[in-house]
Chemist: 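Please read through the structure below; I'll follow up with questions.
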2 protein chains.
Amino acid sequence: MTQRKVISFDTIRVACKNCSLSQLCLPMGLAQEDIERLDSIIKRSRPLHRGDHLFRGGERFRSLYVVKTGSVKTYAPSEEGGEQVLGFHLPGEIIGLDAIDKSCHACSAKVLETSAICEVPFQRFEELAASIPSLQHQMYRLLSKEIGQDADMLLLLGKKNAEERLAAFLTSMSSRLSKRGLSPTDFYLSMSRHEIGSYLGLAVETVSRLFTRFQEDGLLRVDRKHVEVLNLPALEMMAGSAPSSTHQQRSN
Amino acid sequence: MTQRKVISFDTIRVACKNCSLSQLCLPMGLAQEDIERLDSIIKRSRPLHRGDHLFRGGERFRSLYVVKTGSVKTYAPSEEGGEQVLGFHLPGEIIGLDAIDKSCHACSAKVLETSAICEVPFQRFEELAASIPSLQHQMYRLLSKEIGQDADMLLLLGKKNAEERLAAFLTSMSSRLSKRGLSPTDFYLSMSRHEIGSYLGLAVETVSRLFTRFQEDGLLRVDRKHVEVLNLPALEMMAGSAPSSTHQQRSN
DNA sequence: ATTGACGCTTGATGCATGTCAACTTGAGTT
DNA sequence: AACTCAAGTTGACATGCATCAAGCGTCAAT
């Protein structure tokens, strides 16, 4: 993710109307004046650093968070230090939507690299949305999109084998980065192999072996966190519901 | 699910204000008059029968659907007839939330048994919600709840073994039925073993073997679709993130 | 009752992937 | 540079569950 660009403090404090993400984020489809009203309720703190938490499971829900720069992971912590990674969040993506229902966070959110985050106090947001139909609509869309993505993930975990899972992860990263104006074929992953494995329901070792294999097969060039995709169509093919080779498994 | 009760045609046509589900469903928290406004936009068709579709993947999104009686499955159809079951929906639960974003259904919804369904035209609903803050809030809560449940499911598919999955499925059914005034320990499953397997990411045979084993272990009494839970606490323990026995697997 | 189709169960076998262990590499610290 | 520690890689081995195959109960239609 980290595209090695220098970020000035001014850059991260930009208002929504000047933010390059506005077409992916809450302001999408809003009139200029409504964007400014939205802007007025958003809190922008100084950048957070790797390992900082936006919130932890069990805490009271007050705000949604939007990634402005950097990346964040959400995860469900379990007793013995184990954790299930639930998602990786790139700029423009909203975090905390699952907590509206119980007004309490069920998962934790941790910053993966130095990141700028917009905080959206939910109660004020809700009041605002009631008076701006297009904002309300956009919020429904974003909630709905999250549900759709979770369904894709259920399909991945329920039906796909290890190879298909990693291919799906890489093509998903590729397309999301591309939407944000970054290269779809050359990027840095801000998360560890362990976190990728947890997210995909695989052991670290399996992830590692697959990276090696993909490289041997000429699909990727990998150096630590740096990934160059050499054959994106092949990866996409692999990620699709098509089975890996002649023998598919889990045809249940 | 089917609790073998006779359902009159009057029963299924009841207005929201007289519906026993109103505390689980959209009307929750609404004032009497607002319930009536909501009621006025809802369409109630005659009962659907096993195998009927509410909608199919690819169709244009127009309405949300709420189960009034009976049960529905949602699934992602794949080319070769294979399908991934995404969820089972009981009375009071809303179907189609994932389609708001793309205004097009990504999955299909099929009735599992004779069922009464309320149709909620979304555009009219959205207009109504804009003028009823508590309805808007309830909608946010329902969307959020769905996201939270999907996260639970990701955890199940990512980390739990077959035994834990089936135990989680059974305890979930138990508690949901219980919330609807039915027995938490004696119920009929309206879905096939195959569908349960697909939902849980397991082969039919594995599901079948587990039912047998649970019965041998005195946790259940099973006869076809009829399940009697004999030791609910034990099932809940199993379903929790606790590993099945001394050796846990997938500690990634 | 007979038939056929389908869903379910049970057993035998194999494989993908988890687990364990050892080693390598890289980044940060002194 | 030397040291430390976490992260990643690779190999050897173990196993849970998918797969294949066969048989059985149930239900509906005839």
Side-chain angles (χ1 to χ4, degrees), chain A residues 2 49-51 73 80-85 112-113 156-167 188-198 200-216 220 222-227 238 243-252, chain B residues 49-51 73 81-85 112-113 156-167 188-198 200-216 220 222-227 238 243-252:
Chain A
T2 320
H49 298 289
R50 176 171 176 75
K73 74 164 175 181
E80 337 85 4
E83 64 181 43
Q84 165 79 22
V85 173
L112 287 169
E113 61 189 312
L156 182 143
L157 292 174
K159 284 237 175 327
K160 296 187 181 178
N161 65 24
E163 177 181 295
E164 292 161 344
R165 292 182 197 194
L166 188 63
Y188 284 79
L189 297 172
S190 60
M191 70 293 289
S192 69
R193 300 286 192 265
H194 186 86
E195 287 163 333
I196 295 172
S198 170
L200 298 176
L202 300 172
V204 203
E205 294 91 333
T206 304
V207 174
S208 182
R209 277 185 253 270
L210 283 170
F211 268 117
T212 305
R213 181 142 66 83
F214 283 179
Q215 180 157 249
E216 286 166 0
L220 303 175
V222 186
D223 177 35
R224 301 285 283 169
K225 310 234 172 216
H226 181 206
V227 175
M238 218 180 221
S244 58
S245 59
T246 50
H247 61 291
Q248 72 254 48
Q249 77 157 69
R250 291 205 176 190
S251 57
N252 45 353
Chain B
H49 298 288
R50 175 169 180 77
K73 75 165 173 180
E83 64 180 43
Q84 166 77 22
V85 173
L112 288 169
E113 62 188 313
L156 182 142
L157 291 174
K159 284 238 174 329
K160 297 187 181 179
N161 63 26
E163 175 181 298
E164 291 161 345
R165 292 181 197 195
L166 187 63
Y188 285 80
L189 297 171
S190 60
M191 69 292 288
S192 69
R193 300 285 193 266
H194 186 86
E195 288 163 332
I196 295 172
S198 170
L200 298 175
L202 299 172
V204 204
E205 295 91 330
T206 304
V207 174
S208 180
R209 276 185 252 270
L210 284 169
F211 268 118
T212 306
R213 181 142 65 84
F214 284 179
Q215 180 156 253
E216 285 166 1
L220 303 176
V222 187
D223 177 35
R224 303 282 284 167
K225 311 236 172 213
H226 181 207
V227 175
M238 220 177 221
S244 58
S245 58
T246 50
H247 60 287
Q248 73 252 49
Q249 76 156 60
R250 294 207 176 185
S251 58
N252 43 356

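Here is how names work: the chains are called A, B, and so on, in the same order as the sequence lines, proteins then strands, and each is numbered from 1. Side-chain atoms are counted along with the backbone in the values below, which use heavy atoms only and exclude waters and symmetry mates.
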Chemist: Ignoring backbone atoms, establish whether A:Lys225 has a side-chain N or O less than 4.0 Å from OP1 or OP2 of D:dA7.
Modeler: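 Result: no.
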Chemist: N/O contacts under 3.5 Å, protein versus nucleotides 11-13 of chain D?
Modeler:
from, atom 1, to, atom 2, distance (Å)
D:dG11, N7, A:Arg209, NH1, 2.8
D:dG11, O6, A:Arg209, NH2, 3.4

Chemist: With a 4.0 Å cut-off on heavy atoms, is A:Ser192 in touch with a base, just the backbone sugar-phosphate, or nothing at all?
Modeler: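 Sugar-phosphate contact only - A:Ser192 comes under 4.0 Å of backbone atoms but never of a base.
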Chemist: Starting at NE2 of B:His194 and ending at C1' of C:dC8, how long is that distance when rounded to a whole Å?
Modeler: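 Taking atom C1' of C:dC8 as the reference, NE2 of B:His194 is at 12 Å.
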Chemist: Send over the distance from A:Glu216 CD to D:dT9 P, rounded to a whole Å.
Modeler: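 Atom-to-atom, A:Glu216 to D:dT9, this comes out as 12 Å.
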Chemist: For A:Asp223 and for A:Thr206, find the nucleotide of DNA chain C with the closest heavy atom, then tell me which residue's nucleotide is more 5'.
Modeler: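 Here A:Thr206 is the residue nearer the 5' end.
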Chemist: Nearest 0.5 Å please: distance from the CD atom of A:Glu113 over to the NZ atom of A:Lys225.
Modeler: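 These two atoms lie 10.0 Å from each other.
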Chemist: Which heavy atom in A:Ala167 sits nearest to a heavy atom in A:Met238, and how many Å separate them?
Modeler: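 Reported closest heavy-atom pair: CB-CB, 3.8 Å.
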Chemist: Given atom NZ of B:Lys159 and atom C1' of D:dG16, what is their separation to the nearest angstrom?
Modeler: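 Going from B:Lys159 (NZ) to D:dG16 (C1'), I get 17 Å.
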Chemist: Closest heavy-atom contact between A:Leu157 and A:Arg165?
Modeler: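 What the structure gives for the nearest pair is O-NH2, 3.2 Å.
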Chemist: Consider the side chain of A:Ala203, meaning its heavy atoms from C-beta on, and name the nucleotide among C:dT9, C:dT19, D:dA18 that approaches it most closely.
Modeler: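 Side chain of A:Ala203 sits closest to C:dT19.
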Chemist: With sequence neighbours excluded, what pairs up with B:Arg50 under the salt bridge (Lys or Arg N to Asp or Glu O under 4.0 Å) test?
Modeler: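 B:Arg50 satisfies salt bridge (Lys or Arg N to Asp or Glu O under 4.0 Å) with no residue once adjacent residues are dropped.
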Chemist: Choosing from D:dT10, C:dT9, C:dG26, which nucleotide comes nearest the side chain of B:Val204?
Modeler: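 So the nucleotide nearest the side chain must be C:dT9.
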Chemist: Of the listed nucleotides (D:dC17, D:dT10, C:dC8), which one gets closest to any side-chain atom of A:Ser208?
Modeler: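 Shortest atom-to-atom distance from the side chain points to D:dT10.
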Chemist: Check whether any side-chain N or O of B:Ser208 sits under 3.5 Å from a backbone N or O of B:Arg193 as a donor-acceptor pair, and report yes or no.
Modeler: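 Checking the backbone N and O of B:Arg193 against the side chain of B:Ser208, no donor-acceptor pair under 3.5 Å is found.
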Chemist: Provide, to the nearest angstrom, the distance between the CD atom belonging to A:Glu195 and the P atom belonging to D:dA7.
Modeler: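 Spelled out: CD on A:Glu195 to P on D:dA7 is 9 Å.
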Chemist: In whole Å, what is the span from the CZ atom of B:Arg213 to the C1' atom of D:dG16?
Modeler: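 Distance, rounded to whole Å: 11 Å.
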Chemist: Just compare D:dG8, D:dT9, C:dT17 and give me whichever is closest to any side-chain atom of A:Thr212.
Modeler: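 Looking only at side-chain atoms, A:Thr212 lies closest to D:dT9.
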Chemist: My understanding is that only residues two or more places apart in sequence, or in another chain, count here; which of them pass side-chain contact (heavy atoms from CB on, under 4.5 Å) with B:Glu205?
Modeler: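 Applying side-chain contact (heavy atoms from CB on, under 4.5 Å) to B:Glu205 gives B:Ala203, B:Arg209.
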Chemist: Is the shortest side-chain N/O distance from A:Arg224 to OP1 or OP2 of D:dG8 below 4.0 Å?
Modeler: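 For D:dG8, neither OP1 nor OP2 has a side-chain N or O of A:Arg224 closer than 4.0 Å.
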Chemist: To the nearest Å, how far apart are A:Leu210 CG and D:dT9 P?
Modeler: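 The answer, rounded to whole Å, is 11 Å.
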Chemist: Which pair of non-hydrogen atoms, one from A:Leu202 and one from A:Ala162, has the smallest distance, and what is that distance?
Modeler: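 Smallest interatomic distance, heavy atoms only, reads CD2-CB, 3.8 Å.
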Chemist: Quickly work out the A:Arg193 CZ to C:dG26 P distance and round it to whole Å.
Modeler: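 In whole Å, C:dG26 P and A:Arg193 CZ are 13 Å from each other.
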Chemist: Could you check how far CG of A:Leu202 sits from P of D:dG16, rounded to whole Å?
Modeler: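 Distance check: A:Leu202 CG to D:dG16 P gives 18 Å.
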